[in-house]
> 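Before anything else, here's the structure in question.
Just so you know, residue 1 is the first one in the sequence shown, and it goes up from there. Below, all heavy atoms of this structure are taken into account, side chains as well, without hydrogens, waters or symmetry copies. We count ligands from 1, going down the list as the structure has it; atoms in each ligand are counted the same way.
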Amino acid sequence: MENGATPARTAPAAVVVAIDGPSGTGKSSTSKAVAAQLGLSYLDTGAQYRAMTWWMITNGIDVTDAAAVATAAAKPVLVSGTDPAHPTITVDGADASGPIRTQEVTSRVSAVSAVPEVRTLVTELQRSIAAAAERGIVVEGRDIGTTVLPDADLKIFLTASPEARAARRSGELTGKDAAGLAATREALIKRDAADSGRKTSPLAKAGDAVEVDTTELTLQQVIECVVTLVEEKRAAA
Ligand SMILES: Nc1ncnc2c1ncn2[C@@H]1O[C@H](COP(=O)(O)OP(=O)(O)OP(=O)(O)O)[C@@H](O)[C@H]1O
Ligand SMILES: Nc1ccn([C@H]2C[C@H](O)[C@@H](COP(=O)(O)O)O2)c(=O)n1
């Protein structure tokens, strides 16, 4: 600078990153780490559908009755905290982060999230959270690039073989038990089929998404890959 003053450092423009993919491909782990590394907010949209499901179960709604789920969908108040170091989810003010991870919720969440009235409400909530993220946000789910944020700056679609995904999940839940591995594999294939096959906003890769097959990659490699893609987007903007 001519007057010798240090040029003011401008903050990078807010960037919106959509990360979609089937269960166990590494969306949450990758999204949290990328958001933390780049100083962005983080939103786990699966946690919101799980929270809605937990509320339905707790309040005695038959989750196989789509009309009953649709009628009740506006009742729970869902609040998501977007700090990637400490993501939170509350329902009617109560911490739901533990209860939404139970097997009961996992086995019923696809039915609840297939109800169009549920999707409309949750999608509106997701868009408002993304719009409020001043420094940008990483949003992960199933329909972020296709429906929730079709104008996202960067869209990633993570994949991995069912075997790799089952091994990752079995490692979390039951150790190296072979029967557990097969059951986990079947459960995740069943959930993916339900999520891909529903009419409203199914799990799908957006036409302009970058597909990253994580089968042979470590989590650290996937994180580095996505961080590089975000930095390239920012540099080109
Ligand atoms: N590339 C990888 N290599 C090995 N393990 C991984 C990799 N990516 C993620 N994992 C592990 O796999 C498990 C599932 O990852 P994660 O929860 O991030 O997946 P997800 O796509 O968000 O799943 P879901 O949609 O079911 O919530 C976690 O234990 C995570 O640490
Ligand atoms: N954008 C999204 C995110 C999630 N869902 C549904 C389908 C999933 O099976 C379920 C739980 O998600 P997870 O916690 O495993 O990521 O929520 C959806 O329909 N759309």
> Counting heavy atoms only, which of Pro22, Ala167, Gly24, Ser29 is nearest atom 16 (P) of ligand 1?
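Among Pro22, Ala167, Gly24, Ser29, the closest heavy atom to atom 16 (P) of ligand 1 comes from Ser29.
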
> Please report whether ligand 2 has a polar contact with Lys27, defined as an N or O pair separated by less than 3.5 Å (distance criterion only).
no

> For Arg198, which part has a heavy atom under 4.0 Å from ligand 2: side chain, backbone, both, or neither?
side chain

> Under 4.0 Å, heavy-atom basis, I'd like to know which part of Gln48 is in contact with ligand 2: side chain, backbone, both or neither.
neither

> Mind checking whether Leu219 has an N or O less than 3.5 Å away from an N or O of ligand 1?
yes

> Only pairs under 3.5 Å count here: list side-chain donor-acceptor contacts from residues 225-237, not counting sequence neighbours, and write none if there are none.
{"from": "Thr228", "atom 1": "OG1", "to": "Glu224", "atom 2": "O", "distance (Å)": "2.8"}

> Suppose I only count heavy atoms of Asp143 and a 4.0 Å limit; which atoms of ligand 2 are within that range?
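In order of number, 1 (N), 2 (C), 20 (N).
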
> Which ligand 2 atoms are under 4.0 Å away from a heavy-atom of Ser113?
6 (C), 7 (C), 19 (O)

> Just let me know how Thr30 lines up against ligand 1, side chain, backbone, both or neither, with a heavy-atom cut-off below 4.0 Å.
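Neither part.
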
> Just need the protein heavy atom nearest to atom 5 (N) of ligand 2, so name the residue and atom and give the distance.
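Atom 5 (N) of ligand 2 sits closest to the protein heavy atom Tyr49 CD1, 3.6 Å.
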
> If you measure every N/O of Asp44 against every N/O of ligand 2, is any gap under 3.5 Å?
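By distance alone, the answer is no.
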
> If Ile, Leu, Val, Met, Phe, Trp and Tyr residues are connected whenever their side-chain heavy atoms lie under 4.5 Å apart, and connections chain through other members, are Ile57 and Val122 in the same group?
yes

> Is Arg142 close enough to touch ligand 1? Criterion: a residue heavy atom under 4.0 Å from a ligand atom.
yes

> Can we say Asp192 and Arg165 salt-bridge, meaning some charged N sits less than 4.0 Å from an Asp/Glu carboxylate O?
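Result for this pair is yes, salt bridge flagged.
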
> Check whether any heavy atom of Met52 sits under 4.0 Å from an atom of ligand 2.
no

> Quick one: look up the protein heavy atom nearest atom 16 (O) of ligand 2 and list residue, atom name and how far away it is.
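The closest one turns out to be Arg142 NH1, 2.9 Å.
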
> Taking the side chain from Lys190 and the backbone from Arg185, do they hold a donor-acceptor pair closer than 3.5 Å?
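No; zero donor-acceptor contacts below 3.5 Å.
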
> Considering heavy atoms of the protein only, find what lies nearest to atom 14 (O) of ligand 2 and give residue, atom and distance to 0.1 Å.
Arg50 NE, 2.7 Å

> Is the shortest side-chain N to carboxylate O distance from Asp44 to Arg101 below 4.0 Å?
yes

> Out of curiosity, does Val212 fall in the hydrophobic cluster containing Val17 (side-chain heavy atoms, cut-off under 4.5 Å, transitive links)?
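Yes; tracing contacts between hydrophobic side chains, which count when under 4.5 Å, links both residues.
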
> Select the closest option to atom 20 (P) of ligand 1 among Arg168, Lys27, Arg191, judged by heavy-atom distance.
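Nearest option to atom 20 (P) of ligand 1, by heavy atoms: Lys27.
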
> When you compare the side chains of Glu140 and Ser28, does any donor N or O come within less than 3.5 Å of an acceptor on the partner?
yes

> Short N/O distance, under 3.5 Å, between Gln126 and ligand 2?
no

> Could you walk me through whether Lys155 and Asp208 pass salt bridge (charged side-chain N to carboxylate O under 4.0 Å, His left out), step by step?
CA-CA 7 Å; Lys155 300 177 188 178; Asp208 53 351; 3.0 Å; yes

> Determine whether a donor-acceptor pair (N or O, by modelled atom type, separation under 3.5 Å) exists between the side chain of Arg50 and the backbone of Ile100.
yes

> Taking the side chain from Ser41 and the backbone from Ile137, do they hold a donor-acceptor pair closer than 3.5 Å?
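Checking the backbone N and O of Ile137 against the side chain of Ser41, no donor-acceptor pair under 3.5 Å is found.
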
> Do the side chains of Asp143 and Arg119 get close enough for a salt bridge, i.e. N-O under 4.0 angstrom?
yes

> Counting only nitrogen or oxygen atoms and a 3.5 angstrom limit, does Arg191 reach ligand 2?
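Among all N and O atoms of Arg191, at least one is under 3.5 Å from an N or O of ligand 2.
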
> Tell me the contacting part of Gln220 for ligand 1: side chain, backbone, both, or neither, using a 4.0 Å heavy-atom threshold, strictly below.
neither

> With a heavy-atom distance limit of 4.0 Å, tell me whether Leu217 approaches ligand 1 through its side chain, its backbone, both, or neither.
backbone

> Relative to the heavy atoms of Gly26, which atoms of ligand 1 are at a distance of less than 4.0 Å?
8 (N), 9 (C), 15 (O), 16 (P), 18 (O), 19 (O), 20 (P), 21 (O)

> Which is closest to atom 27 (O) of ligand 1 by heavy-atom distance: Arg50, Arg169, Glu216?
Arg169

